[in-house]
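Written below as structure tokens is the structure these notes are about.
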Amino acid sequence: MAKITFITRDNQTITVEGESGSVMALARQNGVKGIEGECGGVCSCATCHVHVQNGEFSRTGQQGTIEKDLLELNDHADETSRLCCQIRISDEIDGLVLRVAEKNSF
Amino acid sequence: MKKSTIPDPFEKARVESGHREMNDQNDPVSMILRHKDVRKSAHNWKTFQSGATPGRIVVPSEVNIRSLRQIPFEVDPPEHQSYRDLVEPWFKRPLEQSYQDKLAAIIQSELDKAIRKGTIEVVHEFSLPLQSRALTVLLNMPEDDAALWISWGTHVFRSEGDPLDGGKASGLTDYLDKKVEEVKKNPGTDLFSVLLASEINGRKLSDDEVKGVMMLTFAGGRDTVINFVTNTFAYLADHPESIERLRNEPEILETAIEELVRYFSPLTHMGRVVTQDTAVCEHAVKNDTRISLCWASANRDASVFENPNEVILDRKVNPHVSFGFGAHNCLGATHARTLMKILLTKLVESVKSMEILDCKENMENLDGLERKVGFHQIRIKLNPR
């Protein structure tokens with residue numbers, strides 16, 4: 001079980017709770033604005049881009065190789081970026097705060 | 001080889017050099033074949049532009065058969081963004097329940113008809129009518145309008161044996177002209193009316209801009225959707241175990257759709273015009289020539305996809321580029337994914353297995369290389385559950 005807080009682009013805060021699956025799927029189920037997850041979570045579309053807040057990047061694990069390649073072509077990506085379809089829900093990430101990244105304008 | 005197999009004709013060139021040269025109406029194209037190069041070039045809109053002469057970024061070039069600029073497709077950033085922002089909310093409607101209900105009713109009626117018939121020619125008796133009827137939902141137009149669109153056939157600029165049919169292209173232009181005049185007199189709630197009433201950067205959209213968006217909508221989502229649907233039938237006919245699996249594990253449905261669209265790559269490639277002398281994968285490309293971003297080749301790049309020539313329905317990491325990449329990624333992708341999700345759910349619910357009786361493959365000619373994109377015709381027998 002993990003509680004995860006999202007900060008949307010319009011600075012709304014929403015805290016949701018999940019047990020398993022990906023953080024993207026949890027966000028989508030709860031209608032978190034800005035997390036689209038168009039590709040269903042296969043690391044193809046980058047519409048679930050978030051910034052891990054409070055320096056807690058280590059709790060989510062590092063970007064995977066494919067994820068990193070995709071984020072390299074994203075203007076809003078930085079060292080706190082993750083695609084949240086690639087973060088699994090577990091006790092490890094309880095209390096995590098994620099800021100929804102700006103839409104990639106290319 | 002199974003009938004549903006879509007071979008990868010690019011492997012040798014992709015591995016050896018990463019590009020392939022082809023001529024197209026004396027405006028040659030360097031096809032970019034590797035996944036990394038395709039995505040990087042798609043991202044680099046300054047060097048590889050879309051806003052060239054209308055029709056030039058399409059391969060085969062449509063420069064000689066149309067002059068209307070398709071929008072936002074043939075516009076570069078930053079102007080592109082205003083157009084995209086204007087139309088994007090409309091093209092996200094497939095996420096709404098009421099939209100999905102309308103689409104589901106159409107899909108169910110086409111499926112019921114097919115099952116009643118028992119044996120169907122999938123391209124013309126299922127995929128084409130389904131694509132056109134589904135388009136009435138996307139455009140919010142009366143369902144009766146689909147009959148005319150169905151009569152246009154599987155491609156608005158191409159006919160069997162003629163990859164550039166000028167007569168067809170002018171037919172579509174005439175239709176758009178007529179429709180815009182009609183809607184001006186009698187506005188409704190369809191996309192034509194919405195666009196005609198829209199503003200961009202503080203001014204109204206011009207008639208040509210409205211027609212440009214509508215032409216993109218009619219052209220972009222036609223043969224691509226038809227091939228996606230038809231190839232899915234062929235794949236499931238050849239793989240009855242996948243029918244059962246999708247029925248028993250609906251949770252893999254979205255992943256399966258991404259994998260099918262990777263494997264099929266309904267659009268082989270899309271061109272860009274080079275704006276300065278440069279190089280892609282150490283291959284020099286000259287200013288004012290064309291490259292193409294070969295989605296179909298990138299999707300089989302073994303350095304990115306394990307067992308790239310296999311359909312793995314639960315492939316977890318799948319950075320395919322079937323809907324393009326970058327600023328110009330497919331506007332209709334939400335509609336296509338929603339349509340496929342409903343179709344697959346209903347198909348595996350009602351069908352036990354299918355058999356391919358006979359078929360005629362649709363091969364795209366790439367100047368010395370052919371790629372199978374789907375079928376001109378395929379007769380399939382459906383065995384209901």
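Heavy-atom basis, side chains included; hydrogens, waters and symmetry copies ignored. Letters go in sequence order (proteins before strands), and every chain restarts at 1.
The existence of a salt bridge linking A:E72 and B:K40 is excluded, since no basic side-chain nitrogen approaches an acidic carboxylate oxygen closer than 4.0 Å. Of the charged side-chain nitrogens involved, at least one lies within less than 4.0 Å of a carboxylate oxygen, so that A:R28 and B:E254 count as a salt-bridged pair.
Considering only heavy atoms from C-beta on, A:I66 comes within 4.5 Å of B:P319 through its side chain. Residues A:D75 and B:H43 form a side-chain contact, since some pair of their non-hydrogen atoms from C-beta on lies under 4.5 Å apart.
Ranked by heavy-atom pairs shorter than 4.5 Å toward chain A, the options B:E251, B:R315, B:R337 are led by B:R337. Chain A forms more heavy-atom pairs under 4.5 Å with one residue of B:H80, B:R84, B:K92 than with any other, namely B:K92. For chain A, the option among B:K36, B:R262, B:E258 with the highest count of heavy-atom pairs below 4.5 Å is B:E258.
Rounding to the nearest 0.5 Å gives a distance of 6.5 Å between SG of A:C39 and NE2 of B:H320. For the atom pair B:N299 CG and A:S44 OG, the distance stands at 8.5 Å (nearest 0.5 Å).
More than 12 heavy atoms of other residues, nucleotides or ligands sit less than 6.0 Å from atom CD of B:Q97. Counting non-hydrogen atoms of neighbouring residues, nucleotides and ligands closer than 6.0 angstrom, the CD atom of B:E199 exceeds 12 such neighbours. Applying the 6.0 Å contact sphere to CD of B:E11 captures no more than 12 heavy atoms from other residues, nucleotides or ligands. A 6.0 Å sphere centred on CD of A:E92 holds no more than 12 heavy atoms belonging to other residues, nucleotides or ligands.
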*Apply the test side chain to side chain contact (heavy atoms under 4.5 Å, CB included) to residues A:E67 and B:V317: give CA-CA distance (whole Å), side-chain angles for both, the deciding distance (0.1 Å), then the verdict.*
CA-CA 9 Å; A:E67 182 183 350; B:V317 179; over 6 Å; no

*Should B:R39 and A:L70 be marked as a side chain to side chain contact (heavy atoms under 4.5 Å, CB included) after you check the CA-CA gap, both sets of side-chain angles, and the distance that decides it?*
CA-CA 9 Å; B:R39 285 209 311 202; A:L70 189 52; 3.5 Å; yes

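Proximity to chain A is absent for every atom of B:V261, based on heavy atoms less than 4.5 angstrom apart.
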